Each structure stands twice: as structure tokens, then as C-alpha cells.
Amino acid sequence: MGVIFAILSGTFIALQGIFNAKLGDAVGAWMSVTIVHFVGLLLALVIYFFKRDADMTAFKRVPWYYSLGGLFGVFVVFGELTAIQQLGVTWAICVLLVAQLVGAFIIDLNGWFGVKRKPMNTGQVMGLVLMVVGIGIYTFA
């Protein structure tokens, strides 16, 4: 089931980037970010109204900085729409995915933010290198 959600999320990331870039062309980057997050808030509230999965007592046990994910989201949307406007959809998404994977790899390697520490292996490094080489081939072919 996780693979299905990952595939759907990857598809939605590409679609979201295109929609955000087009909206940004029309209304400006920061207004686009504002609209995107406002619409996302409305949808999340509607879903929450029906789902009601909160445990507010658990919120007190979570480090405060875990609630800052939305702040990262603002810069993700701005960065993605700006990259797509300047680089095109495919190249921007290629770079974004490699940066995301390298970031996740470093977090896993060091066990930051409470994730289980995972040792590096040769296959992982080769995979990252191949992705970067693939972007180079895609870009200059």
C-alpha cells in the first residue's frame, strides 16, 4: 500500500508543480504559494471534519519543531514553482527528486530527527551517482 501512496504522491508532485507554476505566472509566486496553502487548508479541514483522527493530548508529547512542516511546505511550493518556471517541468523535478533523495539519505545516515540510523552501503551511493549522471544525460542529450 505504501508503494501505491508513493506513486500517487509522485504523480501529484508533478501535477502540483505545473499548476503552481502556471498560477505563479498569472498572479505572482508568493500569491500562488498563499492560494495553494489556503486551498490545501480548506481541503484538510473538510477531510478532518469527516475523519476526526486527532489526539490532541499526543501533541503535547511531540517536540514543538515537528509542527513546522508547513513552513517547509511554503518554501517547497515556492522553490518548485520557481524551478519549473525557469528549468521546465522534467528537469526541475529531476533535480528536486535527487535533492530530496540525498537529503533523506543524509538524514537516515545520521539518524537525525528521531529516525532510525541506517548505515550507508555501496549500492546506495552508486544509485545516487547514477541518478545525478542520468540527469546530466537527460539535460545534455
Side-chain angles (χ1 to χ4, degrees), residues 1-56 58-141:
M1 198 64 172
V3 172
I4 292 169
F5 280 111
I7 291 168
L8 288 172
S9 294
T11 303
F12 289 147
I13 287 170
L15 290 171
Q16 179 191 30
I18 295 166
F19 284 39
N20 293 348
K22 294 296 183 181
L23 184 61
D25 285 339
V27 301
W30 286 109
M31 180 54 75
S32 175
V33 171
T34 303
I35 292 167
V36 164
H37 281 86
F38 182 71
V39 171
L41 171 65
L42 293 177
L43 177 60
L45 287 171
V46 167
I47 292 169
Y48 175 72
F49 180 76
F50 293 103
K51 183 68 175 153
R52 303 266 184 189
D53 63 349
D55 176 5
M56 294 311 284
F59 186 72
K60 295 176 185 176
R61 295 188 303 270
V62 176
W64 66 270
Y65 51 84
Y66 286 158
S67 64
L68 299 179
L71 296 178
F72 296 134
V74 166
F75 294 107
V76 168
V77 170
F78 175 78
E80 181 184 38
L81 77 86
T82 303
I84 287 172
Q85 288 170 334
Q86 295 178 5
L87 304 174
V89 178
T90 306
W91 201 52
I93 296 295
C94 284
V95 174
L96 182 146
L97 290 176
V98 169
Q100 185 177 11
L101 189 60
V102 168
F105 178 74
I106 291 169
I107 290 168
D108 273 348
L109 187 64
N110 293 293
W112 292 340
F113 309 111
V115 302
K116 185 178 176 186
R117 189 175 187 168
K118 296 179 184 166
M120 170 179 51
N121 65 48
T122 307
Q124 292 168 328
V125 174
M126 286 176 54
L128 290 173
V129 169
L130 285 172
M131 286 185 75
V132 172
V133 169
I135 288 174
I137 292 169
Y138 179 85
T139 301
F140 299 111

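No experiment lies behind these values; they were computed from the predicted model shown. Counting begins at 1 with the first residue of the sequence.
Note that the CZ atom of F49 and the CG atom of L45 stand 11.0 Å from one another [nearest 0.5 Å]. Atoms CE and CE, on M126 and M131 in that order, are 14.5 Å from each other to the nearest 0.5 Å. The structure places CD1 of I47 at 10.5 Å from CG of D53, a figure rounded to the nearest 0.5 Å.
Between F12 and L15, some side-chain heavy-atom pair lies under the 4.5 Å cut-off. Two residues are said to be in side-chain contact when any heavy atoms from C-beta on lie closer than 4.5 Å; L97 and I135 fail this criterion. Side-chain contact between I13 and E80 is present, with at least one heavy-atom pair separated by less than 4.5 Å. L81 has its side chain out of reach of Q16: every pair of non-hydrogen atoms, C-beta onward, lies at least 4.5 Å apart. Two residues are said to be in side-chain contact when any heavy atoms from C-beta on lie closer than 4.5 Å; I106 and W112 meet this criterion.
Around OH of Y48, the count of heavy atoms belonging to other residues, nucleotides or ligands within 6.0 Å exceeds 12. Within 6.0 Å of the CZ atom in F105, the count of heavy atoms belonging to other residues, nucleotides or ligands exceeds 12. More than 12 heavy atoms of other residues, nucleotides or ligands shown are found within 6.0 angstrom of OH on Y66.
Partner of V77 under the side-chain contact (heavy atoms from CB on, under 4.5 Å) criterion, chosen from V33, T34, I35: V33.
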Self-check item: side chain to side chain contact (heavy atoms under 4.5 Å, CB included) evaluation trace for V46 with L42
Solution: CA-CA 6 Å; V46 167; L42 293 177; 5.7 Å; no
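The shortest heavy-atom contact between R117 and N110 is CG-C, 4.1 Å. Summarising the geometry of A21 relative to I84, their closest heavy-atom pair is CB-CG2, 3.7 Å, with the distance given to 0.1 Å.
Of the possible donor and acceptor atoms, none in the side chain of T82 sits under 3.5 Å from a partner among the backbone N and O of G79. Remark: side-chain polar atoms of N121 are paired, donor with acceptor, to backbone N or O of G123 under 3.5 angstrom.
Here the two rings, on W30 and F78, have centers that are under 6.0 Å apart.
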